[in-house]
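A short worksheet on the structure shown next.
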Amino acid sequence: MSDRLRIVVGLLVVALGFFWNDIANIFSSTLEEKPIIAIEKPTDEILEKVSSLSSKVTDKSDKDKLGIFNHVFSGRVKDWNADAQQINDLYVAAAKKVFGSSLRGKYDGYGEGIQSLMSETLGTENHAATEDEKIEIAENFSGLAYSLVNCHQ
């Protein structure tokens, strides 16, 4: 082995020794499974309500995408001056715009679960959504987003 090669290898070993903790942190942080988005943990009651719905989605990538989508929806719905049907229509239209037909029929019962989550709060008759109803919808869909992103089964 030539002297030059020995010096280069020696310097590489020394440099590796100096920066080993930084290198190890880079690899360990990329390997840890972290949530894709930070969402405040909902109450146990809301988690119980949405857990069966979130468990219908089995693909991690779809869970993350739907989690982000529902988180954004939950953050915006409180500010809308809309009736119950408009809120439902806006959710469906936004989902079609974001996902197209990529999730249509992929997760049996997910669409019905979303409709049930809406109607539990807004009822089945169209009316102007009250502030309390919009807050409850926001909390439920934020809980769904949390469950999708953080509760991988």
Side-chain angles (χ1 to χ4, degrees), residues 12 15-153:
L12 285 174
L16 187 62
F18 279 123
F19 299 108
W20 180 253
N21 286 338
D22 294 332
I23 294 169
N25 285 338
I26 291 169
F27 286 112
S28 68
S29 67
T30 58
L31 295 177
E32 291 176 16
E33 187 168 321
K34 295 179 183 178
I36 194 160
I37 186 172
I39 301 170
E40 187 177 320
K41 185 175 181 180
T43 64
D44 289 338
E45 178 185 335
I46 291 174
L47 273 178
E48 187 176 319
K49 184 189 303 186
V50 299
S51 65
S52 64
L53 180 56
S54 69
S55 68
K56 292 181 184 307
V57 182
T58 54
D59 180 76
K60 181 174 178 352
S61 176
D62 289 345
K63 279 183 173 276
D64 290 342
K65 291 174 191 172
L66 285 165
I68 293 168
F69 177 81
N70 284 299
H71 180 64
V72 170
F73 173 78
S74 72
R76 293 181 179 180
V77 70
K78 294 180 283 189
D79 299 327
W80 294 341
N81 185 14
D83 61 40
Q85 187 60 51
Q86 288 171 324
I87 291 173
N88 186 63
D89 291 347
L90 284 167
Y91 183 91
V92 171
K96 284 182 182 176
K97 179 115 176 129
V98 171
F99 299 109
S101 62
S102 66
L103 299 178
R104 184 174 299 158
K106 189 171 181 180
Y107 300 110
D108 189 38
Y110 184 80
E112 293 83 3
I114 292 293
Q115 183 58 43
S116 176
L117 196 56
M118 289 266 192
S119 64
E120 280 178 24
T121 303
L122 298 172
T124 56
E125 297 294 320
N126 193 23
H127 64 281
T130 66
E131 292 303 312
D132 288 341
E133 288 173 329
K134 291 188 287 186
I135 289 169
E136 187 176 342
I137 286 286
E139 289 173 349
N140 287 339
F141 279 84
S142 180
L144 176 60
Y146 178 90
S147 185
L148 284 162
V149 171
N150 293 288
C151 303
H152 297 287
Q153 282 109 8

Please check if the side chain of K134 supplies one atom and the backbone of D79 the other of a donor-acceptor pair under 3.5 Å. no
Quick check: does any side chain N or O of S55 sit under 3.5 Å from a backbone N or O of S51, one acting as donor and the other as acceptor? yes
[X] [atom1] to [Y] [atom2] distance, which is reported to the nearest 0.5 Å:
| X | Y | atom1 | atom2 | result |
| --- | --- | --- | --- | --- |
| K49 | N140 | NZ | CG | 3.5 Å |
| E48 | S147 | CD | OG | 11.5 Å |
| Y110 | S54 | OH | OG | 8.5 Å |

Considering all heavy atoms, the nearest [X]-[Y] contact:
| X | Y | value |
| --- | --- | --- |
| G143 | L47 | O-CD2, 4.4 Å |
| I39 | G67 | CD1-O, 4.5 Å |
| E40 | Y146 | O-CD1, 3.8 Å |
| K78 | S74 | CE-O, 3.9 Å |

Basic-acidic side-chain contact under 4.0 Å: D59, K63: no
Using a 6.0 Å cut-off, check whether atom CD of E120 has over 12 heavy atoms from anything other than its own residue. yes
Heavy-atom side-chain contact between S142 and N70 under 4.5 Å: no
Does any pair with a residue in residues 95-106 pass side chain to side chain donor-acceptor pair (under 3.5 Å), and if so which ones, sequence neighbours excluded? D62-K106
For the pair E133 and H127, evaluate side chain to side chain donor-acceptor pair (under 3.5 Å) and give the outcome as yes or no after the intermediate values. CA-CA 11 Å; E133 288 173 329; H127 64 281; 2.9 Å; yes
One pair to check against side chain to side chain contact (heavy atoms under 4.5 Å, CB included): I114 and L53. What are the steps and the verdict? CA-CA 8 Å; I114 292 293; L53 180 56; 3.9 Å; yes
Evaluate the criterion side chain to side chain contact (heavy atoms under 4.5 Å, CB included) for residue pair H71 and L144; output intermediate values, then yes/no. CA-CA 8 Å; H71 180 64; L144 176 60; over 6 Å; no
Could you give me the CA-CA distance, side-chain angles and deciding distance for F99 and K65, then say whether side chain to side chain contact (heavy atoms under 4.5 Å, CB included) is met? CA-CA 9 Å; F99 299 109; K65 291 174 191 172; 3.8 Å; yes
Between F69 and F141, does the ring centre distance come in under 6.0 Å? no
Show your reasoning for whether side chain to side chain contact (heavy atoms under 4.5 Å, CB included) applies to I137 and M118. CA-CA 7 Å; I137 286 286; M118 289 266 192; 4.2 Å; yes
